[in-house]
Amino acid sequence: MWRRVALLSPMISSSSRSLPLNQAALGVKVGESFATDVNNPDERTLSPKEKAPFITFVLGGPGSGKGTQCEKIVETFGLQHLSAGDLLRREIALKNKNGAMILNLIKDGKIVPSEVTVKLIQKELESSDSCKFLIDGFPRTEENRVAFERIVGADPDVVLFFDCPEEEMVKRVLNRNQGRIDDNITTMKKRLKIFNALNRPVIDYYKNKGKLYTINAIGSVDDIFQHVLPIFNSFEQLKVSRHVNPKSPLGSILVENSS
Ligand SMILES: Nc1ncnc2c1ncn2[C@@H]1O[C@H](COP(=O)(O)OP(=O)(O)OP(=O)(O)O)[C@@H](O)[C@H]1O
Ligand SMILES: O=c1ccn([C@@H]2O[C@H](COP(=O)(O)O)[C@@H](O)[C@H]2O)c(=O)[nH]1
Ligand SMILES: [Mg+2]
């Protein structure tokens with residue numbers, strides 16, 4: 001569980017970015033991580049898990065190029081890529097408990113219950129050494145979004161939206177040729193309907209919060225990446241060091257702007 005603290009992100013918006021601290025969910029982890037030094041909080045050394053992670057949600061319709069652009073962001077900026085769809089497909093491939101249920105939903109272009117997807121993402125976040133993540137294809141619904149906030153206790157710093165016309169997305173998906181069970185015209189039509197009905201409200205939510213970056217997803221992969229580059233460059237330049245203030249009961253962010 002990440003320790004959620006008041007986030008300070010001057011490049012995006014001046015509005016409050018804090019979430020209520022999920023004490024119930026955090027209790028065990030916080031106790032565990034401070035077990036050896038709880039008597040002298042000033043001497044705590046910060047482990048990676050005590051830093052607030054930098055989270056980017058990557059949204060866009062099916063075939064808009066989220067995965068393709070994520071690969072380029074990883075190459076250039078070294079964020080860890082977590083594709084929600086890939087995590088779900090791995091459950092199917094491993095024949096895990098929810099595998100059959102997930103397969104049926106994906107075949108039909110439907111959304112897997114939030115609890116299942118959020119737990120998979122949470123496990124990856126917690127087991128990673130990274131503190132910068134690209135969460136690709138999630139949240140798909142408002143319910144997903146709220147479940148992530150509740151269970152993980154974090155919210156994104158940046159939200160990318162790859163805006164692509166439907167005809168182009170259909171063309172790309174039908175040419176993808178990666179053996180995906182949902183890359184057919186019947187499922188694609190359902191996925192587009194679900195995207196418009198359930199994902200667009202999430203995009204609007206982040207737009208209203210001032211966190212959304214809309215990227216025109218038409219053009220070559222490299223052209224599109226040129227629109228992505230300045231977004232991450234601006235965060236790199238801030239050289240923001242974010243960690244928990246042990247003296248604050250709620251925790252806060254200490255920002256070092258070394259530029
Ligand atoms: N700018 C582009 N121009 C043409 N083809 C592209 C472009 N970007 C990606 N593609 C191709 O389109 C297909 C879909 O791209 P990608 O898998 O990145 O989309 P996605 O948004 O992750 O889709 P999904 O939501 O279905 O996972 C892939 O075959 C990819 O190679
Ligand atoms: O958060 C999520 C992400 C994905 N799904 C299901 O998986 C497929 C494929 O997802 P991609 O991101 O396009 O790889 C999607 O259509 C959903 O059925 C999900 O339920 N929740
Ligand atoms: Mg993808």
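Ligands are counted one by one from 1 in listed order, and the atoms in each one are counted from 1 as well.
Looking at Lys110 next to ligand 2, an N or O pair under 3.5 Å apart turns up. Any N or O atom pair closer than 3.5 Å counts here, and Ser83 shares no such pair with ligand 2. Looking at Arg176 next to ligand 1, an N or O pair under 3.5 Å apart turns up. An N or O contact shorter than 3.5 Å is missing between Glu168 and ligand 1 by distance. An N or O contact shorter than 3.5 Å is missing between Asp182 and ligand 2 by distance.
The Ile111 neighbourhood of ligand 2 comprises atoms 20 (O), with distances under 4.0 Å to a heavy atom of that residue. Ligand 2 places these atoms under 4.0 Å from at least one heavy atom of Gly137: 1 (O), 2 (C), 3 (C). Atoms of ligand 1 found under 4.0 Å from any heavy atom of Arg180, numbered from 1 in the order shown, are 24 (P), 26 (O), 27 (O). Counting atoms of ligand 2 from 1 in the listed order, those under 4.0 Å from a heavy atom of Ile106 are 6 (C), 7 (O), 8 (C), 18 (O). Less than 4.0 angstrom separates some heavy atom of Val221 from each of these atoms of ligand 1: 1 (N), 2 (C), 7 (C), 8 (N). Less than 4.0 angstrom separates some heavy atom of Gly61 from each of these atoms of ligand 1: 21 (O). Each of the following atoms of ligand 1 lies closer than 4.0 Å to a heavy atom of Arg191: 24 (P), 25 (O), 26 (O). Ligand-side atoms of ligand 2 in range of Phe138: 1 (O), range being under 4.0 angstrom from any heavy atom. For ligand 2, the atoms sitting less than 4.0 Å from at least one non-hydrogen atom of Thr117 are 1 (O), numbered in the order shown with element in parentheses.
Checked against the 6.0 Å centroid criterion, the rings of Phe57 and Phe148 qualify as a close aromatic pair.
The closest approach between any non-hydrogen atom of Gly60 and ligand 1 is not below 4.0 Å.
Note: Phe77 and Phe225 have tilted aromatic rings, judged against thresholds of 30 and 60 degrees for the angle between ring planes.
In this view, Lys190 and Asp108 satisfy the side-chain hydrogen bond (donor to acceptor under 3.5 Å, both in side chains) rule, not counting sequence neighbours.
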If you apply the rule side-chain contact (heavy atoms from CB on, under 4.5 Å), what do you find for Leu88 with Ile106, and how did you get there? CA-CA 9 Å; Leu88 293 168; Ile106 288 184; 4.2 Å; yes
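Val58 and Val221 fall into different hydrophobic clusters, defined by Ile, Leu, Val, Met, Phe, Trp and Tyr side-chain heavy atoms under 4.5 Å apart, directly or through other members. Put simply, Leu105 and Val173 are part of two different groups of oily side chains (I, L, V, M, F, W, Y) that touch within less than 4.5 Å, one to the next.
Pairing each heavy atom of Phe195 with each of Gly60, the nearest pair is CE1-C, 3.6 Å. In terms of heavy atoms, Lys107 sits closest to Thr187 at O-OG1, 3.0 Å. Closest heavy-atom contact between Ile224 and Ala217: CD1-O, 3.2 Å. For the pair Asn216 and His227, the tightest heavy-atom approach, listed with the atom from each and the gap, is O-CD2, 4.3 Å.
Considering Arg89, Arg140, Met188 only, the shortest heavy-atom separation from atom 21 (N) of ligand 2 involves Arg140. Scanning Leu174, Ile224, Val173, Thr68 for the heavy atom closest to atom 9 (C) of ligand 1 points to Thr68. Here atom 5 (N) of ligand 2 lies nearest to Leu88 when heavy atoms of Asp86, Asp183, Leu88, Val112 are compared. The heavy atom nearest to atom 3 (N) of ligand 1, considering only Gly219, Ser220, Gly65, is found in Gly219. Closest heavy-atom approach to atom 4 (C) of ligand 1 among the candidates Arg89, Arg172, Arg140, Lys66: Arg172.
The only member of Asp204, Leu160, Val159 that meets side-chain contact (heavy atoms from CB on, under 4.5 Å) when paired with Leu212 is Val159.
To the nearest 0.5 Å, the span separating CG on Leu103 from CD1 on Ile92 amounts to 4.5 Å.
Residue, atom and distance of the protein heavy atom nearest to atom 13 (O) of ligand 2 are Arg191 NH2, 2.5 Å. Residue, atom and distance of the protein heavy atom nearest to atom 22 (O) of ligand 1 are Gly67 N, 3.0 Å. Closest to atom 23 (O) of ligand 1 among all protein heavy atoms lies Gly63 N, 2.9 Å.
Side-chain atoms of Asn96 never come within 3.5 Å of backbone atoms of Asn98 as a donor-acceptor pair (strictly under, hydrogens ignored). Proximity of a side-chain donor or acceptor of Thr76 to a complementary backbone N or O of Lys72 within less than 3.5 Å is detected. Side-chain N or O atoms of Arg140 include none that pairs as donor or acceptor with a backbone N or O of Leu198 at under 3.5 Å.
Within the 4.0 Å heavy-atom criterion, neither part of Lys66 lies near ligand 2. At a heavy-atom distance under 4.0 Å, no atom of Asp136 approaches ligand 2. Counting heavy atoms under 4.0 Å from ligand 2, residue Arg180 touches it through the side chain alone.
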